[in-house]
Amino acid sequence: MFTVFAPFVKEILDYAWTIAQQYNHAEVTPTHTLLAMLKHPSSSYVREYIASKKHLVVFEHTLLTQLSALPALHTPLPAQTEGGYAIDSTIEMVIKEAYTEAKSHNAEMILLEYFFLTLLKKVVFEGLDYEEARLFINQKNAELVFQHQEIAWGRQGAWLSIAKGLDAMYEAGKTTLKPYLHQVYHQSTGNIRLFVLLIDLPTKAHKITIELIEKKHLESAKEQTLRFLNHRKYPITESFLYAYDAQEWTKFEILPKEICEATEKESFSELLQVDFEVWQILLKEKPNLEKK
């Protein structure tokens, strides 16, 4: 039984709500959702299919025209809260039935592509066809299977262990930073990189990234991480690479205007005052991290 959606689906719905806010619409509709898919960097297969049927600029203009025709509220919508946001009945059905679509593909996780196919089942978009789209996405099956394996298997245990431990620290008042799981897909390498981002809630500032990798990909991961940090949007203070198969850490110290060279097997966080390597051993002995 599938228990989770890929994080990309949640990001799509978050972005669709942002679009709804811009138009002062009361709820997320299929049009908001499909427009959000066109804009999301992980939806390359969705965009590729749509581009094979429609000119993307023209199609996007059509969606924007449909949004402009929807009724708008007279008062501004509140920002998204912990309670989430409103979705219409069609999107609610798509969320529920995406499980069935993923199952028909023998998938281990509900990826964005299966969410998109379910949307096409429920809504008619001119020029797009469910059966054609399904055939197109099936041709990408090898890449999708690889994504399932990367998300759902090898890294999952280490990923959740680190996240739960950090969350226990936050709940116990041992750090003011709340962990947030994030996933980035690199089209150039086909790799999925999972980050644990610690967020300072009042400012939404990203302070630490912890990236999970296989040891054999360490050198390429260093290069990718340095490029990521060089173009960072948020004020990251520390960054770690964790080789989950070898249980080894690599740390980057991030200075205001430059990035130092990586220090091998360094696992101490200045910001949290925690040695992740030692903390990981304690976590195995006491998985719930006693809240003192």
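What's counted below: heavy atoms across the whole structure, side chains too, no hydrogens, waters or symmetry copies.
Side-chain contact annotation: E97 with T118, donor-acceptor N/O pair under 3.5 Å absent.
The hydrophobic cluster containing V9 does not contain M93, counting ILVMFWY residues as joined when their side-chain heavy atoms lie under 4.5 angstrom apart, directly or transitively. Hydrophobic clustering (ILVMFWY, side-chain heavy atoms < 4.5 Å, transitive): F125 and L67 are in one cluster. Note: the hydrophobic cluster containing L56 also contains F136 (ILVMFWY, side chain heavy atoms under 4.5 Å, direct or indirect links).
Pairing each heavy atom of T250 with each of L218, the nearest pair is OG1-CD1, 3.9 Å. Contact record, D129 with Y49: N-OH, 2.9 Å, taken as the closest heavy-atom pair. Taking every heavy atom of both residues into account, A98 and I110 meet most closely at CB-CG2, 3.8 Å. Taking each heavy atom of A133 and F116 in turn, the nearest pair found is CB-CE2, 4.2 Å. The heavy-atom pair separating L128 from K54 by the smallest distance is CD2-CG, 4.2 Å. Nearest heavy-atom pair across K215 and A246 is CD-CB, 3.8 Å.
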What's the verdict on side-chain contact (heavy atoms from CB on, under 4.5 Å) for V46 and F115, showing C-alpha distance, side-chain angles and the deciding distance? CA-CA 10 Å; V46 172; F115 191 81; over 6 Å; no
List the steps, then state whether side-chain contact (heavy atoms from CB on, under 4.5 Å) holds for L111 with H105. CA-CA 11 Å; L111 293 185; H105 290 265; over 6 Å; no
D167 and K178: side-chain contact (heavy atoms from CB on, under 4.5 Å), yes or no, with the steps? CA-CA 6 Å; D167 189 62; K178 183 176 177 61; 3.6 Å; yes
Is there a salt bridge (charged side-chain N to carboxylate O under 4.0 Å, His left out) between K53 and E132 once you walk through the steps? CA-CA 10 Å; K53 307 296 295 181; E132 285 184 348; 2.8 Å; yes
Dump the intermediate steps for side-chain contact (heavy atoms from CB on, under 4.5 Å) on F240 and S269, then the final yes or no. CA-CA 9 Å; F240 295 89; S269 168; 3.9 Å; yes
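With rounding to the nearest 0.5 Å, the separation of NZ in K222 from CD in E211 is 12.5 Å. Put simply, CD1 on I87 and NE2 on H32 are 13.0 Å apart, with the number rounded to the nearest 0.5 Å. Summarising the geometry, atom CE belonging to M169 is positioned 5.5 Å from atom OG1 belonging to T175; distances are rounded to the nearest 0.5 Å. Taken from CG in L177 to NZ in K207, the straight-line distance is 7.5 Å, to the nearest 0.5 Å. One finds the CZ atom of F59 at 10.5 Å from the CG atom of L64 (value rounded to the nearest 0.5 Å). I95 contributes atom CD1, which lies 10.5 Å from atom CG of L119 (distance to the nearest 0.5 angstrom).
By the 6.0 Å contact criterion, CD on E126 is open, its count of non-hydrogen atoms from other residues, nucleotides or ligands being 12 or less.
Taking the six-membered ring where the residue is Trp, the centroids of H40 and Y15 are separated by 6.0 Å or more.
The backbone N or O of W249 lies less than 3.5 Å from no partner atom in the side chain of E277, so there is not a single donor-acceptor pair. Although no hydrogens or angles enter the test, the distance criterion places no donor-acceptor pair under 3.5 Å between the side chain of D88 and the main chain of T29. A donor-acceptor pair is defined here as one N or O able to donate and one able to accept, closer than 3.5 Å; such a pair exists between the side chain of K251 and the backbone of F268.
Residues I91 and E27 fail the side-chain proximity criterion, which asks for heavy atoms closer than 4.5 Å. Between L34 and M37, some side-chain heavy-atom pair lies under the 4.5 Å cut-off. For the pair H25 and L73, the minimum side-chain heavy-atom distance is 4.5 Å or more. Side-chain contact between Y242 and Q247 is present, with heavy atoms from C-beta onward closer than 4.5 Å. Using a 4.5 Å cut-off on side-chain heavy atoms (C-beta onward), F276 and L166 make contact. Using a 4.5 Å heavy-atom cutoff, the side chains of E113 and K140 are not in contact.
Between R134 and E131 there is no salt bridge, since no side-chain N of the basic residue sits under 4.0 Å from a carboxylate O of the acidic one.
For the pair K103 and Y99, the cation-pi criterion (under 6.0 Å, within 45° of the ring axis) is not fulfilled.
Applying side-chain contact (heavy atoms from CB on, under 4.5 Å) to V94 and the options E101, K122, K121 leaves one that passes, K122.
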